[in-house]
Protein chains: 2
Amino acid sequence: MEIDLKLLQYAVTLSRHRHFGRAAAALGVSQPTLSRNIAALEKQLGMRVFERSHRDVVATPAGDDVLNMADELVARAEAISHRLELVRDGRGGRLRVVAGTYAFDIAVQPAAIDLINANPSIRLELLEREWAAALALMMTDQVDFAVFDVEALRSMPALRVESLGEFRGRYFCRSGHPLLRKATFDVEDVRRYPFVMPGMPRHQAGMLEGLDAGATQDASRGFILPSIAVSSFRTVREIVAGTDAISVAHPSQISDGLATKRFAVLDMPTRRRAPVAEFGVAWKRERTLPPAARSLIAIIRRRMRAIGR
Amino acid sequence: MEIDLKLLQYAVTLSRHRHFGRAAAALGVSQPTLSRNIAALEKQLGMRVFERSHRDVVATPAGDDVLNMADELVARAEAISHRLELVRDGRGGRLRVVAGTYAFDIAVQPAAIDLINANPSIRLELLEREWAAALALMMTDQVDFAVFDVEALRSMPALRVESLGEFRGRYFCRSGHPLLRKATFDVEDVRRYPFVMPGMPRHQAGMLEGLDAGATQDASRGFILPSIAVSSFRTVREIVAGTDAISVAHPSQISDGLATKRFAVLDMPTRRRAPVAEFGVAWKRERTLPPAARSLIAIIRRRMRAIGR
DNA sequence: CGATCTCCATGCGCGGTCCGTATCGTTCTC
DNA sequence: GAGAACGATACGGACCGCGCATGGAGATCG
């Protein structure tokens, strides 16, 4: 049996108005059109839905059953229609994002909080992964897009990439660190201590290239590689707090530690004004971004502009 | 936004087949028709639902959201379509019945059990009421139809009435009743004991007219009226069991009391072979019976034929 | 490297469907 | 008994939606 939502909608409206003329007006059609559509519904259901008398139009007992179900289905259709509008406008639907540690902490997670506050009905899946895992998730269509250091993204021709903007990180250390006792210090001083970063060392190229430490060379890429690689920034924090190791972060990532004097930022004269890193968003070339992705990306861009100074 | 179930159905089918040609064949339409309908859906949703490549047709991320909702709505529409078929065929929907004590016990309740067993999805409201209350329920559209002694029903011109068939009741008394010690007894003997029946005495006309007791006259109607009127048959049973009062019933109403020797049937030579009573079904003239009512009525008729002998 | 194949999109013509206007038929009212 | 109210029906026109035929872009193969 073919169900036509329009006919059900007509029946529901008629049952509310109990009058063909007024129901037709409410529906924005002529009275004969409503008459014919109700007759069509009754024909295709094989039963009479309304009793017509000259003073009243009222549902038959079987019509009551029909109207209850019609009401339910029409209401559900309208709810779905509304939810689809939210999806189209980037205010609803499912959004699956993967990001590296820095991008996750600095861009995705704060932006996601704004997005959820603005659109509570959105369904988010936020994954923090290292680059190789993130790439695999994208290529197998398990996430909609990725936020990473833009250099890693641009190395993959299968991806479409857009820049999200730059930001400057800072070296930081524990608050009792020996370096802090010096009146002045520079990159050469920093190099004497262990350097810890999250993620696989070979994928931190873009992050490190912009640092002042970039002036110090390693054999292949022209910058120093972390001497300690761990998988989460939580571990970076603990190692920095418990050793003389130094790391790099956006101040928001360690702001609680700054407030409690657990960490200190190592500000030193910069040799060049290059950014620490440039984040980018990327997705599989032949796929389409969901509209909600544009909402999140716009929030991230705004945030990156705010902290990029 | 107007939702068209057909377009959603097309999209769901396409997402399963991932191929326009095969999906179109499965839907029984031509491939261009499916192409155009999917394009129409995408246009009216304002977003792309499918990625078309030459080897594959796959949903966009937003399309996933669309398809999930479409799937849900289509499935619900199909379920409702099925339930509407049940209503039309008298195998589902809501059915509200009122009956008097005898009709309820003898006809409606057993028939309802058969109906439920045959159609578990049916929704029944079974009311046992005296005649005046039943009439009020019918006239206020709170029940779909009534099952009563046909004479009461026919007295109301506002009702359409159909006969359900006749049945014979029997006098019964407690098992130690004095009458049972007599070798023979007749109606005149019965008249010497209290007579108890459920319902308002003036409404038992039809029930009593057919009894042999009808040969004994009262001033107005030519038969004896109950000397004790109670509202439920349960009370009748208790009074008969605890006193010398006599009543009338179908054997099925007291069969447990017969088995435990609590009651005894008073069989006596009958003077005429008239039925004890004729049940009928009635509903408000301008209303329509729900299809399920026909199912219940058919079962009652079958049952009345079976016990009418 | 071009011919062919695959597969979705599009142009075209037609048949049916759906709508609104006008009108009818019935019932209720005064 | 005339008129009003109201749902059903007749009719003509516009538009929609279908299938057939064809186009066009990318993959495949000789």
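Here is the naming used below: chain letters follow the sequence lines, and residue numbers restart at 1 for every chain.
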Worksheet item: Hey, is CZ on B/Arg287 packed in by over 12 heavy atoms from elsewhere, all under 6.0 Å?
Response: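 Yes - once you tally the heavy atoms of other residues, nucleotides and ligands closer than 6.0 Å, there are more than 12.
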
N/O-N/O pairs, protein side and nucleotides 20-23 of chain C side, under 3.5 Å:
{"from": "C/dG20", "atom 1": "OP2", "to": "A/Ser30", "atom 2": "N", "distance (Å)": "3.1"}
{"from": "C/dG20", "atom 1": "OP2", "to": "A/Ser30", "atom 2": "OG", "distance (Å)": "2.9"}
{"from": "C/dG20", "atom 1": "OP2", "to": "A/Thr33", "atom 2": "OG1", "distance (Å)": "2.5"}
{"from": "C/dG20", "atom 1": "N7", "to": "A/Arg36", "atom 2": "NH2", "distance (Å)": "3.1"}
{"from": "C/dG20", "atom 1": "O6", "to": "A/Arg36", "atom 2": "NH2", "distance (Å)": "3.0"}

Quiz question: by atom type and distance under 3.5 Å, do the side chains of [X] and [Y] form a donor-acceptor pair?
{"X": "B/Glu85", "Y": "B/Ser81", "result": "no"}
{"X": "B/Glu151", "Y": "B/Ser155", "result": "no"}
{"X": "A/Thr13", "Y": "A/Gln9", "result": "yes"}

Atom [atom1] of [X] to atom [atom2] of [N]: distance rounded to whole Å?
{"X": "B/Glu51", "N": "C/dC8", "atom1": "CD", "atom2": "P", "answer": "14 Å"}
{"X": "B/Glu2", "N": "C/dC18", "atom1": "CD", "atom2": "C1'", "answer": "15 Å"}
{"X": "A/Gln44", "N": "C/dT17", "atom1": "CD", "atom2": "P", "answer": "13 Å"}
{"X": "B/Asn37", "N": "D/dC18", "atom1": "CG", "atom2": "C1'", "answer": "9 Å"}
{"X": "B/Leu27", "N": "C/dC8", "atom1": "CG", "atom2": "P", "answer": "13 Å"}
{"X": "B/Asp4", "N": "D/dC16", "atom1": "CG", "atom2": "P", "answer": "14 Å"}
{"X": "A/Glu286", "N": "C/dC8", "atom1": "CD", "atom2": "P", "answer": "16 Å"}
{"X": "A/Leu34", "N": "C/dC18", "atom1": "CG", "atom2": "C1'", "answer": "14 Å"}

Restricting to side-chain hydrogen bond (donor to acceptor under 3.5 Å, both in side chains), what partner residues turn up for [X], sequence neighbours left out?
{"X": "A/Ser53", "answer": "none"}
{"X": "A/Arg22", "answer": "none"}
{"X": "A/Arg16", "answer": "A/Asp71"}

Item to complete: Output the residues of residues 15-22 of chain A in contact with DNA chain D, where contact means a heavy atom of the residue under 4.0 Å from an atom of the strand; sort by number or write none.
Response: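 Heavy-atom cutoff 4.0 Å gives A/His19, A/Phe20, A/Gly21.
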
Worksheet entry | Distance below 4.0 Å between A/Lys6 side-chain N/O and C/dT17 OP1 or OP2 |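 No, because none of the side-chain N or O atoms of A/Lys6 sits under 4.0 Å from OP1 or OP2 of C/dT17.
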
Item to complete: Answer yes or no: does a side-chain N or O of A/Ser35 lie under 4.0 Å from OP1 or OP2 of D/dA8?
Response: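 Yes, because at least one side-chain N or O of A/Ser35 sits under 4.0 Å from OP1 or OP2 of D/dA8.
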
Worksheet item: Between B/Arg301 (side chain) and B/Ser163 (backbone), is there a donor-acceptor pair under 3.5 Å?
Response: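 Judged by distance alone, yes, a pair lies under 3.5 Å.
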
Fill in: Backbone N/O of A/Val49 and side chain of A/Thr60: donor-acceptor pair under 3.5 Å
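Side chain of A/Thr60 to backbone of A/Val49, a donor-acceptor pair under 3.5 Å: yes, one is there.
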
Pairwise N/O distances under 3.5 Å, protein to nucleotides 25-30 of chain D:
{"from": "D/dG26", "atom 1": "O4'", "to": "B/His54", "atom 2": "NE2", "distance (Å)": "3.1"}

Worksheet entry | Carboxylate-amine/guanidinium contact A/Glu286 B/Arg55, below 4.0 Å |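 Here A/Glu286 does not pair with B/Arg55 in a salt bridge, since their nearest N and O are not under 4.0 Å apart.
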
Worksheet item: Salt-bridged, A/Glu2 to B/Lys6, with N to O below 4.0 Å?
Response: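 Looking at B/Lys6 together with A/Glu2, the answer is no, because their closest N to O distance does not fall below 4.0 Å.
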
